[in-house]
Amino acid sequence: ISTTGLVHIYRAHGHDVAALSGIGISVRPGELVGLLGPSGAGKSTLLQLCGGLLTPSAGRLQVGEHNVATMTDTELDRMRSGDVGIVLQGAGRNLIPYLTPADNIRYAQQAAPDERDLPTPEAILELVGLGNHAATPLSQLTPGQVQLCAVAVGIATLPGLLLADEPTSQLDHHARDEVLAALRTINSETGMTVLLVTHDPEVAATLPRTITIRDGRIASEGRSGEEYAVV
Ligand code: ADP
Ligand code: ADP
């Protein structure tokens, strides 16, 4: 991910809300990066821009080989179903409730635009630690397992980039650590770039690098625990 001067303005009830006021970040291939900041800072907006769910109002946004700011809706659709995985905030929003974990993954894989060699649903579930639950109805999974399943669907097509919005919020510590471990395993075993939104300082402290935004601007960035202020 590489952005310069990235601006996003929401038009709401006849007035403008500047959610991002000129963001410049760079995430290298294979990195695991945390996106931090208080509520309303613009974290979700930045994540959705990177995933092609929103179009920037101004600025440059490069995601892999894609120049996202200038892409058509069709091109964005294709990017989302193959090259960028997104786990939105709120557990299981990318899951079809009446399908098993394996069938949810199969469904996501069918939408992949190109003929690439994809791992089996079972192998994807193994990667996130749900190897024993390929056929378990979603209704019988714990909240932590549902979130792991959401992550598994996000990586079903082995995209180069996984975007996850607060994947550990509303989970107990045990489940939170399992989801974090899954993201770490995905990052280290497949080389997938992972950008993770979190407001949990304990999660942030375990990440190799974090970027903090505040009021739509970069507030600080650096290695966890030694962030420097960006003026
Ligand atoms: P742009 O102006 O192109 O949007 P930034 O202002 O975010 O980009 O700066 C680009 C990079 O330079 C940042 O990712 C950051 O690593 C570094 N940088 C910016 N300001 C500072 C600063 N005050 N001190 C140290 N590094 C900085
Ligand atoms: P965060 O994820 O850091 O909590 P968001 O990106 O959700 O921040 O929001 C950034 C700002 O944009 C906030 O002021 C929020 O109220 C505003 N905002 C977010 N979504 C919309 C929307 N659909 N319409 C209008 N304003 C929005």
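FYI, the numbering just counts along the sequence from 1. First listed ligand is number 1; within each ligand, the first listed atom is number 1.
Each salt bridge (charged side-chain N to carboxylate O under 4.0 Å, His left out) pair with one or both residues in residues 56-74, not counting sequence neighbours, would appear here, but there are none.
The CD1 atom of Ile23 sits 4.5 Å away from atom CD1 of Ile213, with the distance rounded to the nearest 0.5 Å.
Within 6.0 Å of CG on Asp215 lie no more than 12 heavy atoms contributed by other residues, nucleotides or ligands.
With a 4.5 Å cut-off between side-chain heavy atoms of Ile, Leu, Val, Met, Phe, Trp and Tyr, the cluster of Val7 takes in Ile9.
A salt bridge links Arg176 with Glu202; the closest basic N to acidic carboxylate O contact falls under 4.0 Å.
Remark: Tyr107 engages no residue in a ring-ring contact (aromatic ring centres under 6.0 Å, His included) (not counting sequence neighbours).
Contact residues for ligand 2 (protein heavy atom closer than 4.0 angstrom to any ligand atom): Tyr10, Ala12, Val17, Ala19, Pro38, Ser39, Gly40, Ala41, Gly42, Lys43, Ser44, Thr45.
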